[in-house]
Structure formats: structure tokens, C-alpha cells
Amino acid sequence: LDVGCGEGYGARKLAGMGAKRVLGFDVSEEMIERATANPLKSSCETYDVSDATKLVEKLNHSPASLQVVPGRLLNQGCFDLAVAIFLFNYTTISQMKDICSQIYKLLKPGGHFVFSVPHPFMLNAHADDDAKESSQGGKPSTFSFSKGAAKVDSYFSLRDRKFAGVIRTLDGRNLNVKMSFKSVSDYVETMSTVGFNISKMHEARVLPEHVTAHPEFFASVRDSPLHMVFDVVNPMEEVQRIPRALKWT
């Protein structure tokens, strides 16, 4: 299950790694059209439009068209793996909890949910970097966020506030991004509340070989954590699933 699949890049990677079936949802009709029309799309990929907060409703409403077994969906979960690539930087903390609760229900016991999010350190480390670089006569940073009136040393008070940012690419393009700020505790506590066990958490960074290949481009982020990647697990014990499943009746 690829939640917030966009144009299907992640889903195609999963298919290429041997997934028997991949189902991707995105709220954007345009993204789903691109994913469906992509010439690299394999026969095991299915894409459809859905708000991430309505996954269970979507699958219950039309399981056949999405090639999901209805009985398994309700009683056991129907996915071995779920992924969400930079989805939660576009949601509030409350929405994230709602989405994770639905993913928990849709996973089989023992199923994994892997998701990536911007590292909260990024906001303070690269706030208004454009202005700083411009005043020093240097080149724009690889990442920058417009922090506006927020204090540079603030953290918890920024929770659920939205910030605009820019990611620059090696070929000179500027990609506009958004961050709905969350603390590390927000992710950990959400997973615990929903019922997931955290298996791993990795702070992703630029690798030394990237810096060696493009030293000027990666100079501003060579020693910074860029993202966090969580791998959480739906516990195997059925006794832990039953009380939570009743909440969906």
C-alpha cells in the first residue's frame, strides 16, 4: 500500500523489487492519471484517487475494483507492507494519527509501515538560507525554508504550523515543498497511540560519496540530518488487534 503515491515512483520501485501487487492512493487526480499512464507501469500496479484519511472507507466501498479480498480486509488486514513517502509534512498531527490508525487496520499482523518525513532540525538549520547566502554573496543553499516571524530557537511552539520551502536540484530546478511542523515526539507518540511498535528509526543524510561528487551543491547540508525514516510494525498478537478493531464499527 503506497499512501500519497504521487505519480507512482515509489510504487514502481516496490514492484521492481518483487512486490506481487502494489496499490497506490493519492488525493490528486492528476497524479493518479500520471501514475496510470506511465509507460513503465507494470501489471501488478493499481492506482486510484483517495484522501489518505479515508483509506478504509475507500477499500470497503470498492474492494473488487482494487483487487482486494473483502473478507480479509475486515478481519485480518490485507497488506504486508505500507509506505508513505513525505506524506505527513502535508498533514496536521491529528490527520497523521487518523491516517496511521487506518493503515494499522489495513496491515496484516506483523506487517510493516515505512514512512519518511523531513527532519525537524531542517527548519532551524536552513531557515531563510536564501537571505543569508545572498547577503554573503554565496550560492543558494540546497534546502531553504521561510520561517517568517517564528523565532530561530523555537521548537515545540511550532507544532502544526505550516512552512514553505525550496529544494534545489543538480540540474538547477527549484522544487517548492511544504512542512507542517512536527516534533520527534509527535511521530513516536502517534505510533505508540495507534498500536505500532517502532522497529527502526534512521536519520537520513547526504552520503560522503555525494559530497565528493558535488561538493559545492551539498556544502550546506553535508553535516545535517535531512529526513527521518521510520519502520514500524503491526504486532503479531491478535489480542492486541481486537480491541482496536472494534473502534471502527
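Applying the side chain to side chain contact (heavy atoms under 4.5 Å, CB included) rule to Ala37 yields no partners; only residues at least two apart in sequence or on another chain are considered. When the side chain to side chain contact (heavy atoms under 4.5 Å, CB included) test is applied to Asn176, the partners found at least two apart in sequence or on another chain are Val166. Considering only residues two or more places apart in sequence or on other chains, Glu33 meets the salt bridge (charged side-chain N to carboxylate O under 4.0 Å, His left out) condition with none of them. The side chain to side chain donor-acceptor pair (under 3.5 Å) check on Asn38 picks up nothing, with sequence neighbours excluded. Applying the side chain to side chain contact (heavy atoms under 4.5 Å, CB included) rule to Asp160 yields the partners Thr92, Ile93, Ser180; only residues at least two apart in sequence or on another chain are considered. With sequence neighbours left out, the side chain to side chain contact (heavy atoms under 4.5 Å, CB included) criterion links His61 to no other residue.
Around CD of Glu29, the count of heavy atoms belonging to other residues, nucleotides or ligands within 6.0 Å does not exceed 12.
Val177 and Val229 fall into different hydrophobic clusters, where Ile, Leu, Val, Met, Phe, Trp and Tyr are joined by side-chain heavy atoms under 4.5 Å apart, directly or via other members. No chain of hydrophobic side-chain contacts below 4.5 Å, direct or via other Ile, Leu, Val, Met, Phe, Trp or Tyr residues, connects Leu170 to Leu207. By the rule that hydrophobic residues join a cluster once side-chain heavy atoms approach within less than 4.5 Å of another member, Met31 and Leu87 end up as members of separate clusters. Phe79 is connected to Val56 through a chain of hydrophobic side-chain contacts under 4.5 Å among Ile, Leu, Val, Met, Phe, Trp and Tyr, so both are in one cluster. In terms of hydrophobic clustering, with Ile, Leu, Val, Met, Phe, Trp and Tyr side chains grouped at heavy-atom distances under 4.5 Å, Leu1 and Val233 are assigned to different clusters.
Residues Lys97 and Val194 come closest through the heavy atom pair O-CG2, 3.9 Å. When all heavy atoms of Met191 and Cys100 are compared, the closest pair comes out as CE-SG, 3.3 Å. Taking every heavy atom of both residues into account, Ile99 and Phe88 meet most closely at CG2-CE2, 4.0 Å. Taking each heavy atom of Ala52 and Val3 in turn, the nearest pair found is CB-CG1, 3.8 Å.
Asn174 contributes atom CG, which lies 10.5 Å from atom CD1 of Ile167 (distance to the nearest 0.5 angstrom). Atom NE2 of His227 is separated from atom CG of Asn89 by 9.5 Å, given to the nearest 0.5 angstrom.
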Full working for side-chain contact (heavy atoms from CB on, under 4.5 Å) between Met228 and Met201: CA-CA 7 Å; Met228 296 189 298; Met201 191 280 278; 4.2 Å; yes
List the steps, then state whether side-chain contact (heavy atoms from CB on, under 4.5 Å) holds for Tyr155 with Val184. CA-CA 10 Å; Tyr155 182 72; Val184 176; 3.9 Å; yes
Derivation and outcome, side-chain contact (heavy atoms from CB on, under 4.5 Å), residues Arg222 and Val206: CA-CA 6 Å; Arg222 64 179 179 273; Val206 174; 5.8 Å; no
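Applying the salt bridge (charged side-chain N to carboxylate O under 4.0 Å, His left out) rule to pairs touching residues 46-67 yields Asp48-Lys58, sequence neighbours excluded. Applying the side chain to side chain donor-acceptor pair (under 3.5 Å) test to every pair with at least one member in residues 1-19, sequence neighbours left out, gives these pairs: Glu7-Arg12. The list of salt bridge (charged side-chain N to carboxylate O under 4.0 Å, His left out) pairs with a residue in residues 172-194, not counting sequence neighbours, reads Arg159-Asp186, Asp171-Arg173.
The residue from Tyr187, Phe230, Tyr104 that alone fulfils the ring pair (Phe, Tyr, Trp, His ring centres under 6.0 Å) condition with Phe196 is Tyr104.
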Could you pull out every donor-acceptor pair under 3.5 Å between side chains of residues 14-26 and any protein atom, sequence neighbours left out?
from, atom 1, to, atom 2, distance (Å)
Arg21, NH1, Gln67, OE1, 3.3
Arg21, NH2, Thr46, OG1, 2.6
Arg21, NH2, Gln67, OE1, 3.4
Asp26, OD1, Ser28, N, 2.9
Asp26, OD2, Cys5, N, 3.4
Asp26, OD2, Gly6, N, 2.8

List the atom pairs, with distances to 0.1 Å, where a side-chain N or O of residues 110-120 and a protein N or O form a donor-acceptor pair under 3.5 Å, not counting sequence neighbours.
from, atom 1, to, atom 2, distance (Å)
His112, ND1, Asp231, OD1, 2.7
His112, ND1, Asp231, OD2, 3.4
Ser116, OG, Phe86, N, 3.3
His119, ND1, Phe121, N, 3.0
His119, NE2, Glu203, OE2, 2.8

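Clustering of Ile, Leu, Val, Met, Phe, Trp and Tyr by side-chain heavy atoms under 4.5 Å joins Ile32 with Tyr47, Val49.
Side-chain contact between Ile103 and Leu55: present, with at least one pair of heavy atoms (C-beta onward) separated by less than 4.5 Å.
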